[in-house]
Asks: 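One structure, as structure tokens, below. Some questions next.
Sequence positions, counted from 1, serve as the residue numbers for this chain. Just so you know, these numbers come straight off a predicted model, no measurement behind them.
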Amino acid sequence: MNDKKDVLAAAGPNTRLTHVGNDPAEFHGFVNPPVVHASTVLFPNAATMEKRAQKYTYGTRGTPTTDALCAAIDELEGSAGTILVPSGLAAVTVPFLAFLSAGDHALIVDSVYSPTRYFCDTMLTRLGVTVEYYDPAVGAGIAALMKPNTKLVHLEAPGSNTFEMQDVRAIADAAHKGGAVVTMDNTWATPLYFRPLDHGVDISIHAATKYPSGHSDILMGTVSANAAHWNRLWEGNFALGICGCPDDAYQILRGLRTMGVRLERHQDSALRLAEWLEGRDDVAAVLHPGLPSFPGHALWKRDFKGASGIFSVVLDGGSPERFKAKAHAFLDALRIFGLGYSWGGFESLAVHVNLNDRTICKGPTAGPLVRLQIGLEDIADLRADIERGLAAARAV
């Protein structure tokens with residue numbers, strides 16, 4: 001199979017997605033790996049058991065099913081190893097716990113996923129870690145924020161809900177000079193459109209719940225490390241006893257096969273709708289890195305290969321006391337967009353965003369912020385639905 005591996009290394013993204021993570025020859029020729037459920041694993045003799053001298057020793061340490069997904073993610077990420085965890089939030093918290101100790105200082109981007117902020121402000125702080133938030137536009141200037149005890153710098157690009165871009169390479173280089181590990185939540189782009197490890201990041205984090213799953217029915221996170229940090233990540237995860245379910249791993253592996261073609265559809269529809277919304281008088285701003293008018297567009301164009309299907313709009317809000325009413329009127333008028341959290345599935349979603357937890361990157365002041373997840377529906381129908389929402393908001 002080495003010749004096939006060499007061919008796949010130079011193949012296009014959809015070809016790779018079709019073939020990574022499984023070798024049919026290992027499973028009697030079946031295209032998909034079997035779902036192996038396991039807790040107890042038996043050993044042939046006491047000596048083998050004592051030394052754990054076989055590939056599988058207990059269910060928490062992996063099964064052929066979970067290993068197949070990890071191998072696929074490693075191929076996509078260019079990583080030395082990947083762990084599976086039960087959710088996207090766990091994909092953030094596990095490496096934080098693996099690399100931070102009491103007395104350490106962590107730098108977290110202020111546009112971070114809000115549950116990550118909650119974890120930092122509660123559990124990390126309680127464990128004796130000092131957390132400081134930084135401006136996503138800091139770039140190499142993050143060197144001035146580094147302290148002798150700064151052990152971790154966390155990025156998220158684009159940022160949650162407001163989509164600020166970051167100069168990943170500049171931040172990673174500065175962080176490494178200060179002796180910190182660099183982690184990044186790359187859920188928005190997936191490894192198809194951005195590979196963090198190629199830009200200096202040590203730990204790449206994904207909510208596989210989103211685009212890898214693609215069907216809004218699985219919760220899972222993946223954490224992939226470079227060679228220098230893989231052992232510590234694995235040991236930390238093993239100590240915490242966290243693992244991914246084989247049934248869910250099978251479904252994520254299945255979802256990967258179509259992720260490329262789905263992302264192309266998400267990207268095209270989202271960009272077309274973002275461009276249309278940008279020209280409307282009842283929209284104060286459109287926050288999408290793929291738009292030339294967006295402040296972080298140059299960084300996105302330099303580093304990323306594409307855009308996914310989620311962005312935000314700032315409605316023309318009038319006076320601040322009307323913001324919430326306008327946002328609710330917009331949402332309640334929608335018939336195709338569902339009102340729900342998460343994203344990356346086949347269906348379009350909308351949510352009114354609250355940015356009150358920000359300390360540096362304050363929310364827009366021109367009107368309420370509504371995040372749109374653009375699904376796989378026909379764009380004409382989505383546009384008509386958004387028009388319904390905009391008309392309702394104007395009437396408030």
Asks: Decide if atom CG of Asp281 counts as having more than 12 heavy atoms of other residues, nucleotides or ligands within a radius under 6.0 Å.
Replies: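 Not buried by this count: 12 neighbours or fewer within 6.0 Å.
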Asks: May I ask you to test the Asn32-Leu253 pair for a side-chain heavy-atom distance under 4.5 Å?
Replies: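 Side-chain contact under 4.5 Å: no.
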Asks: Take atom CZ in Phe27; do more than 12 heavy atoms of anything else shown fall under 6.0 Å from it?
Replies: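 Yes.
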Asks: Just how far is it from atom OG1 of Thr18 to atom CE of Met259, taken to the nearest 0.5 Å?
Replies: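 Output value for this atom pair is 11.0 Å.
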Asks: Does some side-chain heavy atom of Ile374 sit less than 4.5 Å from a side-chain heavy atom of Leu349?
Replies: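 With C-beta onward as the side chain, the pair stays apart.
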Asks: Which is it for Arg265 and Asp378 under the salt bridge (Lys or Arg N to Asp or Glu O under 4.0 Å) test, yes or no, and what are the steps along the way?
Replies: CA-CA 10 Å; Arg265 172 75 174 204; Asp378 290 308; 3.7 Å; yes
Asks: Would you mind reporting whether Val286 and Glu275 have side-chain heavy atoms less than 4.5 Å apart?
Replies: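 No, side chains not in contact.
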Asks: CG of Leu376 to CD of Glu347: how many Å apart, nearest 0.5 Å?
Replies: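 Nearest 0.5 Å value for the CG-CD distance: 9.0 Å.
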Asks: Does one side chain, of His206 or Glu77, offer a donor that lies under 3.5 Å from an acceptor on the other?
Replies: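 Per modelled atom types, His206 and Glu77 side chains form a pair under 3.5 Å.
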Asks: Between atom CG of Leu192 and atom CG of Asn14, what is the distance when rounded to the nearest 0.5 Å?
Replies: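 One gets 7.5 Å once the value is rounded to the nearest 0.5 Å.
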Asks: Before you tell me yes or no, could you show the steps for Arg302 and Asp167 under salt bridge (Lys or Arg N to Asp or Glu O under 4.0 Å), namely the whole-Å CA-CA distance, both residues' side-chain angles and the distance that decides it to 0.1 Å?
Replies: CA-CA 10 Å; Arg302 185 192 74 182; Asp167 191 332; 3.0 Å; yes
Asks: Does Asp202 reach the main-chain N or O of Val182 with its side chain, forming a donor-acceptor pair under 3.5 Å?
Replies: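 Side chain of Asp202 to backbone of Val182: a pair is present.
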Asks: Quick check: closest heavy atoms across Gly389 and Ala333, and the distance to 0.1 Å?
Replies: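 Minimum heavy-atom separation between Gly389 and Ala333: CA-CB, 3.9 Å.
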Asks: Check the pair Asp67 / Tyr56 against side-chain contact (heavy atoms from CB on, under 4.5 Å), numbers first and verdict last.
Replies: CA-CA 10 Å; Asp67 279 356; Tyr56 297 107; 2.7 Å; yes
Asks: Using the side-chain contact (heavy atoms from CB on, under 4.5 Å) rule, take Phe99 and Lys151 through it: C-alpha gap first, then chi angles, then the decisive distance, then the call.
Replies: CA-CA 7 Å; Phe99 287 93; Lys151 300 301 181 183; over 6 Å; no
Asks: Taking side chain as C-beta onward, heavy atoms only, is Val41 less than 4.5 Å from Thr57?
Replies: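 Result no, sub-4.5 Å side-chain heavy-atom pair not found.
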Asks: Think Arg371 forms a cation-pi with Phe311, using NZ or CZ under 6.0 Å from the six-ring centre and within 45 degrees of its axis?
Replies: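 That pair does not qualify as a cation-pi contact.
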Asks: If only atom types and distance count, is the side chain of Asp385 paired as donor or acceptor with the main-chain N or O of Phe337 below 3.5 Å?
Replies: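 A pair under 3.5 Å: yes.
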Asks: Do Tyr134 and Met146 share a hydrophobic cluster (ILVMFWY, side-chain heavy atoms under 4.5 Å, transitive)?
Replies: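 In one cluster with Tyr134: Met146, yes.
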Asks: To check you understand the geometry: which heavy-atom pair defines the closest contact between Ile73 and Ser224, and what is its length?
Replies: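 In this case the closest contact between Ile73 and Ser224 is CG2-OG, 3.4 Å.
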Asks: Tell me every residue that passes salt bridge (Lys or Arg N to Asp or Glu O under 4.0 Å) with Asp198, counting only those two or more places apart in sequence or in another chain.
Replies: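 In terms of salt bridge (Lys or Arg N to Asp or Glu O under 4.0 Å), with neighbours along the sequence ignored, Asp198 is linked to Arg195.
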Asks: How about Thr130 and His105: does a side-chain donor come under 3.5 Å of a side-chain acceptor?
Replies: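 Side chains of Thr130 and His105: no pair found under 3.5 Å.
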Asks: Passes side-chain hydrogen bond (donor to acceptor under 3.5 Å, both in side chains), Asp74 versus Ser79? Steps please.
Replies: CA-CA 5 Å; Asp74 283 335; Ser79 48; 2.6 Å; yes
Asks: Heavy atoms only: give me the nearest Pro246-Thr63 pair and the separation to one decimal.
Replies: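 That would be CB-OG1, 4.2 Å.
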Asks: Are Ile386 and Trp276 packed together at the side-chain level, in the sense that at least one heavy-atom pair is separated by less than 4.5 angstrom?
Replies: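 The answer is yes; the side chains approach within 4.5 Å.
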Asks: Look only at the side chain of His352 and the backbone of Ala327, and say whether a donor-acceptor pair between them is shorter than 3.5 Å.
Replies: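 Flag not set: sc His352 to bb Ala327 has no pair under 3.5 Å.
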Asks: Donor-acceptor pair, distance only, cut-off 3.5 Å: does the side chain of Arg61 make one with the backbone of Lys55?
Replies: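 Not at all, since once roles are kept as given, no pair shorter than 3.5 Å links the two residues.
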Asks: Say you draw a straight line from CG of Leu76 to CZ of Arg16; how long is it, rounded to the nearest 0.5 Å?
Replies: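 One gets 6.0 Å once the value is rounded to the nearest 0.5 Å.
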Asks: Do Phe119 and Leu240 share a hydrophobic cluster, counting only Ile, Leu, Val, Met, Phe, Trp and Tyr and linking them when any side-chain heavy atoms are less than 4.5 Å apart?
Replies: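 Cluster IDs for Phe119 and Leu240 match.
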Asks: Anything under 30° is parallel, anything over 60° is perpendicular, the rest tilted; go ahead and classify Phe238 against Trp234.
Replies: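 It falls in the parallel class, under 30°.
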Asks: Judged by atom type as modelled, is there a donor-acceptor pair below 3.5 Å linking the side chain of His176 to the main-chain atoms of Ala172?
Replies: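 Yes; at least one donor-acceptor contact below 3.5 Å.
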Asks: Would you check if Met220 and Ser213 make a side-chain contact, meaning some heavy-atom pair closer than 4.5 Å?
Replies: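 In short, these two side chains do not touch, never coming nearer than 4.5 Å.
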Asks: Please tell me whether Trp188 and Phe194 form a close aromatic pair, meaning their ring centres lie under 6.0 Å apart.
Replies: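 Here the rings of Phe194 and Trp188 have centres that are no less than 6.0 Å from each other.
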Asks: Which is it for Ser348 and Glu377 under the side-chain hydrogen bond (donor to acceptor under 3.5 Å, both in side chains) test, yes or no, and what are the steps along the way?
Replies: CA-CA 8 Å; Ser348 292; Glu377 300 95 338; 2.7 Å; yes
Asks: Return yes if a side-chain donor-acceptor contact under 3.5 Å exists between Asp303 and Tyr193, otherwise no.
Replies: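 No, no side-chain donor-acceptor contact under 3.5 Å.
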Asks: Would you say Asn226 and His229 are linked by a side-chain donor-acceptor pair, where the criterion is simply a distance under 3.5 Å?
Replies: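 Yes.
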Asks: Measure the shortest side-chain to side-chain distance between Leu84 and Leu69 over non-hydrogen atoms and say whether it is less than 4.5 angstrom.
Replies: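 A side-chain contact exists here, since the closest heavy-atom pair is under 4.5 Å.
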Asks: Between the side chain of Ser312 and the main-chain N/O of Asn161, is any donor-acceptor distance below 3.5 Å?
Replies: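 Between the backbone of Asn161 and the side chain of Ser312 there is a qualifying donor-acceptor contact (under 3.5 Å).
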Asks: Please work out which of the three classes, parallel, tilted or perpendicular, describes the rings of His215 and Phe346, given edges at 30° and 60°.
Replies: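 Geometry flag for His215 against Phe346: tilted rings.
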Asks: Applying the 4.5 Å side-chain criterion to the ILVMFWY set and letting contacts propagate, would Leu219 and Ile205 be lumped into a single cluster?
Replies: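 Leu219 does not cluster with Ile205.
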Asks: Take Asp110 and Arg117, measure what salt bridge (Lys or Arg N to Asp or Glu O under 4.0 Å) needs, and give me the verdict at the end.
Replies: CA-CA 8 Å; Asp110 194 45; Arg117 184 189 299 272; 3.0 Å; yes
Asks: Given the rule that I, L, V, M, F, W and Y join up when any side-chain heavy atoms are under 4.5 Å apart, are Tyr211 and Val261 in one cluster?
Replies: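 Per the 4.5 Å side-chain linkage, Tyr211 and Val261 are not co-clustered.
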Asks: How close do Val370 and Ala350 get, counting heavy atoms only, and between which atoms?
Replies: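 The pair with the smallest heavy-atom distance is CG1-CB, 4.5 Å.
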Asks: Counting C-beta onward and ignoring hydrogens, is there a side-chain heavy-atom pair between Leu355 and Leu369 closer than 4.5 Å?
Replies: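 Sidechains of Leu369 and Leu355: in contact.
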Asks: What do you reckon, is CZ of Arg254 surrounded by more than 12 foreign heavy atoms closer than 6.0 Å?
Replies: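 Open: at most 12 neighbouring heavy atoms sit under 6.0 Å from CZ of Arg254.
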Asks: Does a side-chain N-to-carboxylate-O contact under 4.0 Å join Arg358 and Glu164?
Replies: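 Counted as a salt bridge, because a side-chain N and a carboxylate O are separated by less than 4.0 Å.
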Asks: Which is it for Thr65 and His37 under the side-chain contact (heavy atoms from CB on, under 4.5 Å) test, yes or no, and what are the steps along the way?
Replies: CA-CA 9 Å; Thr65 315; His37 300 99; over 6 Å; no
Asks: Determine, step by step, whether Glu278 and Val283 satisfy the side-chain contact (heavy atoms from CB on, under 4.5 Å) criterion, reporting the C-alpha distance in whole Å, the side-chain angles of both residues, the deciding distance to 0.1 Å, and the verdict.
Replies: CA-CA 7 Å; Glu278 195 174 35; Val283 173; over 6 Å; no
Asks: Where do Cys120 and Thr125 come nearest, in terms of heavy atoms and distance?
Replies: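 Answer, listing the atom of Cys120 first, then Thr125: O-OG1, 2.9 Å.
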Asks: Just do the salt bridge (Lys or Arg N to Asp or Glu O under 4.0 Å) check on Arg280 and Glu387 with the steps written out, would you?
Replies: CA-CA 10 Å; Arg280 292 191 61 106; Glu387 286 180 326; 3.8 Å; yes
Asks: Treat each ILVMFWY residue as a node, draw an edge where side-chain heavy atoms are under 4.5 Å apart, and state whether Ile242 and Leu233 are in one component.
Replies: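 Same hydrophobic cluster.
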Asks: Hey, mind stepping through Tyr118 and Asp357 against side-chain hydrogen bond (donor to acceptor under 3.5 Å, both in side chains) and telling me if it holds?
Replies: CA-CA 9 Å; Tyr118 181 78; Asp357 59 352; over 6 Å; no
Asks: Quick one: closest heavy-atom pair of Ala170 and Gly139, and the distance?
Replies: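 Nearest heavy atoms, Ala170 then Gly139: CB-C, 4.2 Å.
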